[in-house]
Amino acid sequence: MGQRRTKKASKNVFYNLSSQILILVITFISRTFFINAFGVEYLGINGLFSDVLGMLSMADLGFNTAMVFSLYKPLAENDKTKIAGLITFYRKVYLLIAATVTLVGIAIIPLLPYLVKVNRPIPDLWLYYLFALANVVVSYLCVYKTSILSADQKGYIIALVSMGTGIFGMCLQILSILLWSNYIVYLAIGSVVVLTNNLISSAIATKRYPFINSRVQLHNNEKKNIYTNIRSAFIYKVSSVLLNGTTNVIISVIISTAVVGYYSNYLMIQNKIMLLYSSAFAAVTASIGNLIATENAAKKKQIFECEQSISFIFSGIVIPCYIALANDFIKIWLGTDYTLTFAVVTAAGINLYLGCVFQPLWSYRDATGIYQKTKWAMVCCAILNILLSVILGKLLGLFGIVIASSLSRISTYAWFEPKILFKTYFKHSPREYYIHTIQNALFVALLTACILFTSHFIAVNTWLDFSLKALLLAGICTAVSLLLYSRTEGFRILAGKLRGELKERKEKSR
């Protein structure tokens, strides 16, 4: 069972990372054409609409998280009737959600002029918004089927489809910019690609699991259990959206929509790094769900320690490099006019660090359903984030809005969620976790200071300069991080698993 689970997790990690790397490259190329053709204000509108529609996604009530969680056990037991019943139930729910999001989304249109703060009128703003809304609604029409692939440790299939349609779509969008430079055509292509991606993934799920088309009704007590999970997931969903999906709205209202465009370039780099990183964890979350259902507390903690070692090493490599290289990258890519202050970059780097170091915690939270016990900590975090964003935004500008996210997280769930996870699922005190995390934060801070001192002596004026500097800094960070963490228990367990898998593959190839 353990070897099979490791193989599936490894396969998911490989395909998720490969797809994200390829999409990352084409995304930078696409955004370059976008900025040159439409300007920073349209870039800001894109970022603003993403946050507004992200808030609309609260309408799914956390069903996706609860749905995947509820599928782990019947998939492990091969209970096809139960799976078909769950899919039937979620199909009805998501059709209702799609209708709700459509109606609420249309109702928001009169508020757009109050959210968009630009120096010149933007024609057809409502039409641009409707295209973005359509993308969100379409995704709800197929997710009830595709979620079974994620729950069954076959997320690599979704990754491959997304990679293919995503790259093809961005190539078409670049071509449309070269031929027409028309923003509506650009958005229309994006909507068609989103629809195509969802239809293909849905068709694959139906082919692999034909029984999900059977209309099976769940018993009332089963629905009751789902509603219990959903209530907790919904509170988490709302809190997560308010925490992560309000930054661009607050920046647009307090400062300007153009600044959303400037910041979105840094946020894109940050998000792509997190996508590469979190896709590896997302790929193994289903394996963790299977692990939770079949293994003891000691085994669960052992795998968590492996993930924690990965997060510590990754943080030691990525955070110093991001803070030291982000402005150099933007300067070479778009020009000095698009760079932000060092203080803002550092605040973004701290947010990125928290996202990296808490990723193992989040993957276990989703797989165990721990959000049922920690939901109110997330609510406090979201409320505190909005209050701090507004207050610090007024006082400190963009830096205040960006750093508010870190301050709210550190003050709330950063210490509460580990406590619940360790006591409930690992049957162990979280004290060791807190100590290791604080030690890693101090290590990353010290390493970042050393890297900044080193990078100060390296001028960057060309892509070659940037590449050489990036390789040097990344090499230093990698060497130091591996030297420090290669002796940890989690790293030794991980290395042993990788050696075992490589040995097995070598024997099969003979």
Side-chain angles (χ1 to χ4, degrees), residues 14 17-36 40 43 167 170 174 262-280 310-353 355-357 402 440-486:
F14 173 77
L17 289 178
S18 299
S19 66
Q20 291 299 337
I21 289 171
L22 286 172
I23 291 174
L24 173 63
V25 174
I26 196 70
T27 296
F28 278 113
I29 297 172
S30 175
R31 177 165 286 223
T32 303
F33 279 95
F34 182 97
I35 293 173
N36 289 334
V40 71
L43 189 62
I167 291 174
M170 280 186 276
I174 291 171
Y262 290 118
Y263 177 62
S264 70
N265 291 322
Y266 289 81
L267 193 61
M268 183 191 71
I269 299 170
Q270 186 176 327
N271 287 342
K272 291 302 179 182
I273 292 171
M274 278 306 300
L275 272 174
L276 287 171
Y277 177 60
S278 63
S279 62
I310 295 171
S311 73
F312 286 165
I313 292 169
F314 188 84
S315 299
I317 298 169
V318 169
I319 308 308
C321 290
Y322 176 84
I323 294 174
L325 295 169
N327 269 340
D328 286 336
F329 181 85
I330 296 296
K331 183 180 76 172
I332 299 299
W333 177 32
L334 299 171
T336 307
D337 291 341
Y338 286 83
T339 58
L340 297 174
T341 65
F342 175 73
V344 173
V345 175
T346 302
I350 295 172
N351 285 338
L352 180 59
Y353 170 75
C356 291
V357 82
V402 177
N440 179 256
L442 294 173
F443 161 70
V444 171
L446 179 61
L447 183 57
T448 300
C450 294
I451 288 298
L452 287 171
F453 178 78
T454 303
S455 67
H456 180 71
F457 297 99
I458 307 173
V460 172
N461 296 304
T462 65
W463 282 113
L464 179 60
D465 293 340
F466 176 82
S467 299
L468 293 174
K469 182 177 179 179
L471 285 172
L472 174 63
L473 299 187
I476 294 172
C477 292
T478 302
V480 175
S481 298
L482 287 175
L483 183 65
L484 183 64
Y485 287 104
S486 60

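Throughout, numbering of the chain's residues begins at 1 and tracks the sequence. All values derive from a computational prediction rather than experimental measurement.
- Between the CG atom of L483 and the CD1 atom of I313 there is a distance of 11.0 Å, given to the nearest 0.5 Å.
- If you take CE on M268 and OG1 on T27, they are separated by 7.0 Å, rounding to the nearest 0.5 Å.
- Taking OG1 from T32 and CH2 from W333, the interatomic distance works out to 5.0 Å, rounded to the nearest 0.5 Å.
- From N351, atom CG reaches atom SG of C356 across 11.0 Å, with rounding to the nearest 0.5 Å.
- For residues 326-335, the pairs satisfying salt bridge (Lys or Arg N to Asp or Glu O under 4.0 Å) are D328-K469, with sequence neighbours left out.
- Pairs engaging residues 458-467 under the side chain to side chain donor-acceptor pair (under 3.5 Å) rule: T462-D465 [sequence neighbours left out].
- Not a single side-chain hydrogen bond (donor to acceptor under 3.5 Å, both in side chains) links S486 to another residue, sequence neighbours left out.
- Put simply, CE on M170 and CZ on F34 are 13.5 Å apart, with the number rounded to the nearest 0.5 Å.
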*Does the side-chain contact (heavy atoms from CB on, under 4.5 Å) test come out yes or no for I273 and F314, once each step is laid out?*
CA-CA 11 Å; I273 292 171; F314 188 84; 4.1 Å; yes

*How far apart are the C-alpha atoms of I269 and F28, what are their side-chain angles, what is the distance that settles it, and do they pass the side-chain contact (heavy atoms from CB on, under 4.5 Å) test?*
CA-CA 9 Å; I269 299 170; F28 278 113; 4.0 Å; yes

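- The closest donor-acceptor contact from the side chain of S30 to the backbone of I26 lies at 3.5 Å or more, if one exists at all.
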Could you pull out every donor-acceptor pair under 3.5 Å between side chains of residues 442-458 and any protein atom, sequence neighbours left out?
| unit_1 | atom_1 | unit_2 | atom_2 | d |
| --- | --- | --- | --- | --- |
| T448 | OG1 | V444 | O | 2.7 |
| T454 | OG1 | C450 | O | 2.9 |
| S455 | OG | I451 | O | 3.2 |
| S455 | OG | L452 | O | 3.0 |

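- To the nearest 0.5 angstrom, L484 atom CG is 10.0 Å from F312 atom CZ.
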Name every donor-acceptor pair, under 3.5 Å, that has one atom in a side chain of residues 317-324 and the other anywhere in the protein, sequence neighbours excluded.
| unit_1 | atom_1 | unit_2 | atom_2 | d |
| --- | --- | --- | --- | --- |
| Y322 | OH | Y266 | O | 3.4 |

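- Of all heavy-atom pairs between G355 and M274, the closest is O-CE, 3.5 Å.
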For residues 336-347, which side-chain N or O atoms pair as donor and acceptor with protein atoms under 3.5 Å away, sequence neighbours left out?
| unit_1 | atom_1 | unit_2 | atom_2 | d |
| --- | --- | --- | --- | --- |
| T339 | OG1 | T336 | O | 2.7 |
| T341 | OG1 | V344 | N | 3.3 |
| T346 | OG1 | F342 | O | 2.9 |

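- The minimum heavy-atom distance linking S315 with N440 is given by the pair CB-OD1, 4.1 Å.
- By the 4.5 Å heavy-atom criterion applied to side chains, N265 and R31 are counted as neighbours.
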